[in-house]
Enquirer: 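The structure under discussion is supplied below as structure tokens; questions concerning it will follow.
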Amino acid sequence: MRKILTGFLVFTFAAFAVVPARAQDAATQQQLDKLSGQIQDLQETVKLHDKRIGALEKQVSDLSDKLSQPAVNDYASTDDLKKLAAQLQEIDQKRQDDNQKILDTLDKLGKSGGVPVSHKPAPGVPTTSTDNPPPGVPQKGYEYKIAPGDTPSAIAKAYRAKGVKVTSDQILAANPGLNPNKMVVGKTIFIPDPDAK
């Protein structure tokens, strides 16, 4: 019985010794699993950072290549602009010469055909409107032939300097269809004189 009792005690002691050892093994295993998971997370983070670093290295390499290439200039140089301005002036001069040739030809045709050609009177020489101006527009005023660069306000200013108190709005009202943004050089317009009686 003593052997049985001793056996029982050894068995019980072993059982109690194994339980903490198993509990300790389970806790250790749990910690090992937790550390293993953290290591896997860190490895994935390292891979992600490696990809980002690779992408950044590629961007830096591309930018370095762009900087090492010679600069392509899409802008015109000062000399190019001067050449272009000269060409524009030449074209404008040809246009003005062509307009003058057309006017001279029309003048010659008028003289040869016996058809009277009207010339614009000098600014300041009063005339009456040959057309019927709209209501409210004075019947007396001046004929004016549009010159290059003219605008209704510039024409009104020139006439005001000569004592004719006319505004650009009055000029536009007296000349229906006159486009202030597209003044036709050589066209004769009527300049009303608000003070004329």
Side-chain angles (χ1 to χ4, degrees), residues 55-56 59-60 62-197:
L56 289 173
Q59 286 179 349
V60 168
D62 291 347
L63 289 174
S64 177
D65 290 345
K66 284 182 182 179
L67 288 175
S68 65
Q69 292 177 352
V72 176
N73 190 355
D74 290 340
Y75 302 105
S77 69
T78 304
D79 291 336
D80 293 337
L81 292 175
K82 287 180 181 177
K83 288 177 186 176
L84 183 60
Q87 289 173 348
L88 286 174
Q89 287 176 348
E90 182 180 332
I91 291 169
D92 189 49
Q93 184 61 46
K94 286 180 182 178
R95 182 186 58 79
Q96 289 176 6
D97 292 344
D98 289 344
N99 283 342
Q100 189 60 46
K101 286 179 185 176
I102 291 169
L103 292 173
D104 291 343
T105 304
L106 289 174
D107 193 28
K108 287 178 186 176
L109 287 174
K111 288 179 182 178
S112 67
V115 178
V117 177
S118 64
H119 295 281
K120 72 170 187 165
V125 178
T127 184
T128 57
S129 173
T130 56
D131 300 331
N132 291 329
V137 174
Q139 295 291 323
K140 293 188 179 184
Y142 308 92
E143 287 185 358
Y144 178 78
K145 191 178 281 187
I146 298 173
D150 275 345
T151 63
S153 60
I155 295 168
K157 184 177 179 181
Y159 273 90
R160 281 195 304 270
K162 296 179 188 260
V164 178
K165 297 177 184 173
V166 67
T167 66
S168 57
D169 289 337
Q170 290 170 330
I171 293 172
L172 291 172
N175 297 281
L178 180 65
N179 184 345
N181 298 320
K182 293 183 181 178
M183 302 279 281
V184 179
V185 175
K187 179 179 180 178
T188 301
I189 60 173
F190 179 70
I191 309 298
D193 187 352
D195 295 334
K197 296 178 180 162

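Because the structure is a prediction, the values reported are computed rather than measured.
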Enquirer: Where is the tightest heavy-atom contact between N175 and F190, given as atom of each residue plus distance?
Expert: ND2-O, 2.8 Å
Enquirer: Name all residues meeting the salt bridge (charged side-chain N to carboxylate O under 4.0 Å, His left out) criterion together with D169; count only those two or more places apart in sequence or in a different chain, and write none if there are none.
Expert: none
Enquirer: Working to the nearest 0.5 angstrom, can you tell me the gap between K165 NZ and D193 CG?
Expert: 10.0 Å
Enquirer: What distance separates I146 CD1 from L178 CG, expressed to the nearest 0.5 Å?
Expert: 5.5 Å
Enquirer: Could you list the residues that satisfy side chain to side chain donor-acceptor pair (under 3.5 Å) with Q93, not counting sequence neighbours?
Expert: D97
Enquirer: How close do P152 and L172 get, counting heavy atoms only, and between which atoms?
Expert: CG-CD2, 3.9 Å
Enquirer: Indicate the atoms forming the closest heavy-atom contact of T188 with E143, along with that distance.
Expert: CG2-CB, 3.9 Å
Enquirer: Verify side chain to side chain contact (heavy atoms under 4.5 Å, CB included) between Y144 and D150, making sure each step is shown before the conclusion.
Expert: CA-CA 11 Å; Y144 178 78; D150 275 345; 2.6 Å; yes
Enquirer: Distance-only, no hydrogens or angles: does the T105 side chain make a donor-acceptor pair with backbone N or O of K101 under 3.5 Å?
Expert: yes
Enquirer: Are any non-hydrogen side-chain atoms of K157 and S168 less than 4.5 angstrom apart?
Expert: no
Enquirer: Taking all heavy atoms of V166 and all of P192, pick out the closest pair and write down the distance.
Expert: CG2-O, 3.4 Å
Enquirer: With a 4.0 Å cut-off on N to O distance, would you call R95 and D92 a salt bridge?
Expert: yes
Enquirer: Can you give me the closest heavy-atom contact between T167 and R160, atom names plus distance?
Expert: CA-NH1, 4.0 Å
Enquirer: Please assess I191 against Q170 for the test side chain to side chain contact (heavy atoms under 4.5 Å, CB included), listing each intermediate value before the final yes or no.
Expert: CA-CA 8 Å; I191 309 298; Q170 290 170 330; over 6 Å; no
Enquirer: Mind checking side-chain contact (heavy atoms from CB on, under 4.5 Å) for N179 and listing every partner two or more places apart, or none if nothing turns up?
Expert: N181, K182
